Amino acid sequence: MRTIENETPVTGTAPAPAPIPWYRRPRLIPWIWAAALFLLYATVAVRRHQLLRTTGYDLGIFEQAVRAYAELRAPVAPLRGEGFNLLGDHFHPLLAALAPLYRLWPSPLCLLLAQSALLALAVVPLARRAEAVLGRAAAHTVAVGYGLSWGVASAAAFDFHEVALAVPLLSFSLEALATRRWRQAVAWAAPLLLVKEDLGFTLAAVGAYIALKGPRRLGLATAAVGVLGSVLEVEVLLPAFNPGGGYAHGGNLADAQGSLLSTLAHAPLDVLRPEVKAVTLILVFAPSALLALRSPLALIAVPTLGWRLLSENGFHWGTAFHYSAILMPVVFAGLVDVLGDKPRRELRAVLATVLAVTAVLLPSFPLAQLAQRATWRTTPHIEAARALLARIPDGATVAASNRLAPQLTARCTVVLFPTFPVGGELYRYDVPHIPAPTAAWIVHDERAPEAWPYPSGHWPYPLERQKAELEAATRTYGYEVVARRDGITLLHRRTGG
């Protein structure tokens, strides 16, 4: 038989395809985005803390609660009031899940990084669903849109809040709803009852969606559990833990019109008055180019939007703080739901619009702080604060200004200076007589801090009143000046340790 040297035999099979780089594998893309967003949020949060822009209200309060859980104690937060169990403020026992991490790393940075991870994790089911339904370009667009959305940015850049635990839970639940895995959707959403008392109504909205689109019995049962759970928390559990025996934030939904019927009659107008409410309502859905409003999944945003827009607390109406983070997964899950049957040309136009809206809104919200020179500059004032805080011994009792408090909560027992709240009245600032300080140390900063997201100025009392209380501490209450530097005063009580 004749053979030809160096001849390659023909086998009839095609060459093996080139391996896909690990960073382009579909299953990994959402997780790569989660890692990138975690680094982004963590950078903003940690840098804000280093610049003394975090606060006792709220980072310090939550750290005191998690520290107590880590030490197997009830979540008492002295910043919230003497002996105040934080389960009497909002019902968030799921915070205890962070206690093991805090036990390993007792620092406010532990909470800030945990929040960054939780917010970033929520992108995984959103991008994964977009990849499955719309393709890779849509997955990247949804990841960018969610990750840079103003609602998430505002939460990532303002201290720590329990709602961070709810954001990934709801995001995974929304993915399960979209794929008609009804029981998994309920399983992901059920822990919302342990995150905050209003989120039982969000669980109820998930149940209502299931009743409309899937097994009615499961949906109705889920809705009933959600409503009854929130009512139980507000009417029974929160008053049981609250020293005053009531719901600490019930005044935010007070009957402003004088009767229940009158309140219900005025509710449609109250939702849009003042105009900041209408602006916020539009901005919530703007990252989806308003298309999420066409999805039945938008129903799940109704409970959170409802209590916020009907609240009498002006902080709830706007775009600052953490209140909109829970809404962003709903918006982008709704966007993917609506785009599922769009022609490719229209799909490309929508995705381009989403990216354009994201780019336009980005400079107005906190992630833009990374591009500001002041974010990367450590001022002499910050150095002075660190030097004086270092003189306070571990384990001491300290009354501190709001921006200095979270610098100490990991190693000291901290309350606010001047004393706040008085008599447990959280929203009262016109106190005729502020009680005398009882902590061994006082550290006070008279300079107006970086304001966002608060209005400029001093909190909780005007600077003149704070200075008067500081003077009274040395003149009347037995404190002596240990050091003064760049507007920061450190006092120590002569008669106690």
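Quick caveat: nothing in here was measured; it's all calculated off a predicted structure. As a basis for the values below, the full set of heavy atoms in this structure was taken, side chains included, without hydrogen atoms, waters or symmetry mates.
- Looking at every heavy atom in both residues, Leu169 comes nearest to Pro191 through CD1-CB, 3.8 Å.
- Residue Arg47 qualifies as enclosed at atom CZ: its count of foreign heavy atoms under 6.0 Å is above 12.
- A heavy-atom distance below 4.5 Å is not found between the side chains of Ser154 and Ser324.
- Using a distance-only test at 3.5 Å, with no hydrogens or angles considered, no donor-acceptor pair links the side chain of Arg103 to the main chain of Arg67.
- With Phe158 as the partner, the ring-ring contact (aromatic ring centres under 6.0 Å, His included) test is satisfied by one option alone out of Phe321, Tyr323, Phe315: Phe321.
- For the 3.5 Å distance criterion, the side chains of Thr409 and Gln64 fail to qualify, holding no donor opposite an acceptor.
- Arg386 places none of its side-chain heavy atoms less than 4.5 Å from the side chain of His381.
- Within the model, atoms NE2 of His92 and CG of Leu194 stand 12.0 Å from one another, a figure rounded to the nearest 0.5 Å.
- Checking side-chain atoms of Asn402 against main-chain N and O of Gly56 turns up a donor-acceptor pair under 3.5 Å.
- Leu388 CG to Leu404 CG: the interatomic distance, rounded to the nearest 0.5 Å, is 9.0 Å.
- Minimum heavy-atom separation, Val284 to Val331: O-CG2, 3.3 Å.
- A donor-acceptor pair is defined here as one N or O able to donate and one able to accept, closer than 3.5 Å; such a pair exists between the side chain of Trp150 and the backbone of Leu283.
- One finds the CG atom of Asp58 at 8.5 Å from the CD atom of Glu162 (value rounded to the nearest 0.5 Å).
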Start with the C-alpha distance between Phe160 and Leu98, add both sets of side-chain angles, then the distance that settles side-chain contact (heavy atoms from CB on, under 4.5 Å), and finish with yes or no. CA-CA 12 Å; Phe160 170 90; Leu98 299 179; 3.5 Å; yes
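- Between Trp188 and Phe172, the ring planes lie parallel to each other; the angle is under 30°, not in the 30° to 60° tilted range.
- Heavy atoms only, all atoms of each residue included: Pro406 and Leu59 are closest at CB-CD2, 4.0 Å.
- For Glu275, the CD atom counts as loosely surrounded, since its 6.0 Å shell holds 12 or fewer non-hydrogen atoms of other residues, nucleotides or ligands.
- Scanning all heavy atoms of the two residues, the minimum distance from Val142 to Ala127 falls at CG1-N, 4.4 Å.
- Side chains of Tyr41 and Gln115: a donor-acceptor N/O pair is absent below 3.5 angstrom, by distance only.
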Under the criterion side-chain contact (heavy atoms from CB on, under 4.5 Å), I'd like the reasoning laid out for Phe91 against Val195: C-alpha separation, chi angles, the key distance, then a yes or no. CA-CA 7 Å; Phe91 193 74; Val195 177; over 6 Å; no
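- The residues Arg80 and Asp89 are annotated as salt-bridged, a charged nitrogen and a carboxylate oxygen being separated by less than 4.0 angstrom.
- Residues Arg308 and Thr304 are in side-chain contact: their nearest non-hydrogen atoms beyond the backbone lie under 4.5 Å apart.
- The shortest side-chain heavy-atom distance between Thr319 and Phe365 falls under the 4.5 Å cut-off.
- Evaluated for a side-chain contact (heavy atoms from CB on, under 4.5 Å) with Arg53, the options Thr375, Ile382, Asp159 yield exactly one hit, Thr375.
- Residue Ser173 holds its OG atom at 10.5 Å from CH2 of Trp182, rounded to the nearest 0.5 Å.
- Remark: the Thr179 side chain and the Arg129 side chain contain no N/O donor-acceptor pair separated by less than 3.5 Å.
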Step by step, work out the side-chain contact (heavy atoms from CB on, under 4.5 Å) result for Phe84 and Ile61. CA-CA 10 Å; Phe84 194 100; Ile61 288 176; over 6 Å; no
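- Looking at Leu238 and Leu87, their side chains never come closer than 4.5 Å, going by heavy atoms from C-beta outward.
- Side-chain contact check for Leu305 versus Val302: every heavy-atom pair is 4.5 Å or farther apart.
- Under the 30°/60° scheme for interplanar angles, the aromatic rings of His249 and Tyr427 are found to stand perpendicular.
- Phe62 pairs with exactly one of His161, His322, His90 by the ring-ring contact (aromatic ring centres under 6.0 Å, His included) rule, that one being His161.
- For the pair Ser171 (side chain) and Val167 (backbone), a donor-acceptor distance under 3.5 Å is absent.
- Looking at Leu37 and Leu119, their side chains never come closer than 4.5 Å, going by heavy atoms from C-beta outward.
- When all heavy atoms are compared, the tightest approach of Gly60 to Leu79 is C-CD1, 3.6 Å.
- Each of Glu197, Glu233, Glu235 was evaluated against Tyr247; a single residue qualifies, Glu197, per the side-chain hydrogen bond (donor to acceptor under 3.5 Å, both in side chains) test.
- Two rings, from Trp33 and Tyr146, have their centers 6.0 Å or more apart.
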Worked verdict on Ser401 versus Asp445 for side-chain hydrogen bond (donor to acceptor under 3.5 Å, both in side chains): CA-CA 6 Å; Ser401 296; Asp445 189 354; over 6 Å; no
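- A 6.0 Å sphere centred on CZ of Arg344 holds no more than 12 heavy atoms belonging to other residues, nucleotides or ligands.
- A donor-acceptor pair under 3.5 Å links the side-chain atoms of Ser288 to the main chain of Phe285, judged by distance alone.
- Between Trp459 and Phe420, the ring center distance clears the sub-6.0 Å criterion.
- Here the OG atom belonging to Ser311 is positioned 11.0 Å from the CG atom belonging to Asp198, to the nearest 0.5 angstrom.
- Under 4.0 Å is where a charged nitrogen must lie from a carboxylate oxygen, and between Lys342 and Glu346 at least one such pair does.
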Where do Glu383 and Thr378 land on the side-chain contact (heavy atoms from CB on, under 4.5 Å) test, with the steps shown first? CA-CA 7 Å; Glu383 293 175 346; Thr378 300; 4.0 Å; yes
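- For the pair Thr141 and Leu134, the minimum side-chain heavy-atom distance is 4.5 Å or more.
- For the residue pair Val133 and Gly340, the shortest heavy atom distance occurs at CG1-CA, 3.8 Å.
- The backbone N or O of Ala385 lies less than 3.5 Å from no partner atom in the side chain of Gln407, so there is not a single donor-acceptor pair.
- Taking CG from Leu362 and OG1 from Thr358, the interatomic distance works out to 8.0 Å, rounded to the nearest 0.5 Å.
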